[in-house]
Every structure is written in C-alpha cells, then in structure tokens.
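Working notes, structure below.
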Amino acid sequence: SRSPTPMKLRDAPSACPSLWRCLPCPPAELRLDLVLSSGQSFRWWESSPGAWTGVLGGRVWTLRQDGDRLWYTVYGEEDEHEEEQQGGCPAKAAKLDAAETDRILRDYFQLDVGLSALYRAWGAADPLFRKVANDFPGVRVLRQDPVECLFSFICTSNNHISRITAMIERLCQAFGRRLCCLDSRPFHAFPSLSALTGADAEARLRALGFGYRAKFVSGSARAIAEGLGTEGLCQLRTEPYAEARRVLCALPGVGAKVADCVCLLSLDKAEAVPVDTHVWHIAQQRYGVALGGKSLTPRAYQEIGDFFRGLWGPRAGWAQAV
DNA sequence: CAGGTC
DNA sequence: ACTGG
C-alpha cells in the first residue's frame, strides 16, 4: 500500500518533540517575526501564531522562537517512505541530518554575526537609529540563495508586497519542484535557473500575472544561463561589491535598487544600501539629506547610499534593514 | 500609487 | 508599461 499519509503541519515542539531541534539564540540577536515578515524573503508564512513555515534549501521548515531558543522542524519529502517515519528514523542518518540542518539555519540567519554589538555601534553614531532600534530589536539580514533572491527582487519593481508575494507563490507552483503537502497545501522549491529558460517561459509568466516583468525574468534567466551560470552568480559572493553590482545591472529588469537588494540579501555585500521610495523619503525628512528632486535620480540614489555608509559604516545595509 | 526599470 | 490594494 503506497498511499502516502498526508503530512500535517507541526506548530510546536510539544506535539512531536522528537522531530524538533533547537539552536541557542536570544531575541536581541534574532526576532523571527520581524525578519521573516519584513520583505527580505517572500516565502515564509505565519502558519499559526509564532510559527513560521517556509521553504529553505529545498526543504520545508517550521520555525518558532521561545525565549533564548530558536526551534525548528524539517518535513520529509513525499518520496521518502513510511517505514522511515514510524519505526524511528535510522539513527545514523538522522544525526547526520541534524548537523546539516543546524548548519543551514545558522548560515541562513548568519547567526555568527553578533547583532547586539552592531546595534550598539549604530546607535552610538545615530540617535535616530537608537529610537527605532528600541522598537525593532533582532532585525538581521538573511543570507539567501542568489537565484531566488535575484528573481524575487526583479518582481518587486514598481509593485507592492501583497502582489509580489502572490506572484512568487505562483512562480514556484508553476516552475518549481514539488516538495511536499502539509494539511493539503502543496509546497514547492524556488525554480532552478534552467526551469526559467524555456522558450515559453515568458508567455507562461504573463499568464501568471507578471506583466512586463515576465520578459525581465525570462530574459535574465537566459542571460545568466548563457553567461556566468548559477555558479558564476554565486561566485559574486567573493567579488567586490562594485563588481557584483556591475554584473547584476547588466541583466534585464535589474537596476541599482534591485542589484543592491541582491548584493545585500544574498551576496554578502553588507555595505549595499537599497534605496527604495520609502528610504528616499526618510533620508530627506528624518536625516535632512538635501536632494530635493521630485524623483529618485541615479545621482540621488548614490548620494543617499553614501550618506548612510558614512553614518553607519561598512554594515550600513544591515542597519538600514532595521 | 506601489520596495523601479527600460 | 502590467496589475491590484
């Protein structure tokens, strides 16, 4: 009998303790709710109060914070057979997996970067930061997959969060590998580069409501596939900020703002300061950056980034995320 | 008009 | 220009 038992979402460790693990992580270092709902990633969903379910590294996870601990559970794939689930997973495999999942999570949240020390430094340099920081502790920059980050942020231009989230959900359903079903809801991986290079990709994206961004997504996928490749894109992590930015801005649908988002959120460029309309207004109103144009010109964009880098230092992008 | 880009 | 809160 091969009928796969439908998997259920796991809200909390109490329900099924053996399937949960935890990492030490005080709230001053990470506030899950703030980070996962702030528009850095569009793939996390508050599945029940305090529990966040989403896809990371080709697996489905539920995360939860309790005091000084970050709890997590990872769901098996559909193809994994029942015998593994009940008789207790093969101990050896489970142990190896635990070290690996710990590592994935620590890397994704960049837990080796001490956030409280950074908050102190930014606050010492900037009274306005201090005020905001009080209400928003534990906001850190995720280290996302470059392909997911790039194509997600191509979708953000001249758009709003609720629609961006819905578009990316449809993108994954249509082009991404199906991972598993939780409470009858299917979860899909973010599409690989090659999934987006098909001849009909643009038309399919238009049908999914991507509008003019359909051409940007398919065009950038093609350009990367025929150029640096997924590996080359990932290798931008070891290149200087200016070089990564230059390469990204050559892609269709990628201008200064999207390039900075990709640099900051997936390519380890902590000095990248994405300047959206919101940041632009704050720079003028709260920080008195004198650039009284009617629109955010390339010149003004550069000036605002330089201003915040001068104020906050080499991790200005992290401070801006707060 | 929205976390811009061509 | 796409699309929708």
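Note on naming: letters A, B, ... go to the chains in the order of the sequence lines (proteins, then strands), and numbering restarts at 1 for each one. All values reported here derive from a predicted model rather than from experimental measurement.
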Any base atoms under 4.0 Å from [X], or only sugar-phosphate, or nothing? Heavy atoms, all strands.
X	answer
L296(A)	nothing
A214(A)	nothing
S38(A)	base

In dot-bracket form, 5' to 3', how is DNA chain B paired? Count Watson-Crick and G-U wobble pairs only if both distances fall under 3.5 Å, and write | where the partner sits on another strand.
||....
Are L142(A) and V258(A) grouped together when hydrophobic residues (ILVMFWY) are joined by side-chain heavy atoms under 4.5 angstrom apart?
no
W61(A) with L30(A), same ILVMFWY side-chain cluster at under 4.5 Å
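W61(A) clusters together with L30(A).
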To the nearest Å, how far apart are [X] [atom1] and [N] [atom2]?
X	N	atom1	atom2	result
F216(A)	dA1(C)	CZ	C1'	9 Å
L208(A)	dG4(C)	CG	C1'	16 Å
H281(A)	dG4(B)	NE2	C1'	14 Å
I168(A)	dT3(C)	CD1	C1'	15 Å
F151(A)	dG3(B)	CZ	C1'	19 Å
Y212(A)	dG4(C)	OH	P	13 Å
F153(A)	dG4(B)	CZ	P	11 Å
K294(A)	dC1(B)	NZ	P	11 Å

Give a yes or no answer on whether the side chain of [X] reaches the backbone of [Y] with a donor-acceptor pair at less than 3.5 Å.
X	Y	value
R237(A)	S266(A)	yes
T238(A)	Q235(A)	yes
S220(A)	L251(A)	no

Base of [N], side chain of [X] - is there a donor-acceptor contact under 3.5 Å?
X	N	answer
R213(A)	dC6(B)	no
N158(A)	dC2(C)	yes
Y301(A)	dG4(B)	no

Heavy-atom count around R69(A) CZ within 6.0 Å, excluding the residue itself: above 12?
no
Hey, does the side chain of T277(A) come within less than 4.0 Å of dG4(B)'s phosphate (OP1/OP2), counting only N and O?
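Affirmative; the distance criterion is met.
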Determine, for D306(A) against R309(A), whether the closest basic-nitrogen to carboxylate-oxygen distance falls under 4.0 angstrom.
yes
Give a yes or no on whether a salt bridge exists between R43(A) and D145(A), defined as a side-chain N under 4.0 angstrom from a carboxylate O.
no
Closest listed nucleotide, where the reference is the side chain of R163(A) and the choices are dT5(B), dT3(C), dG3(B):
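Comparing dT5(B), dT3(C), dG3(B) against the side chain of R163(A), the answer is dT3(C).
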Checking contacts here: which listed nucleotide (dC6(B), dG3(B), dG4(B)) is nearest the side-chain heavy atoms of S157(A)?
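The answer is dG4(B).
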Judged by nearest nucleotide, the residue sitting upstream toward the 5' end of DNA chain B, I164(A) or A250(A), is I164(A)
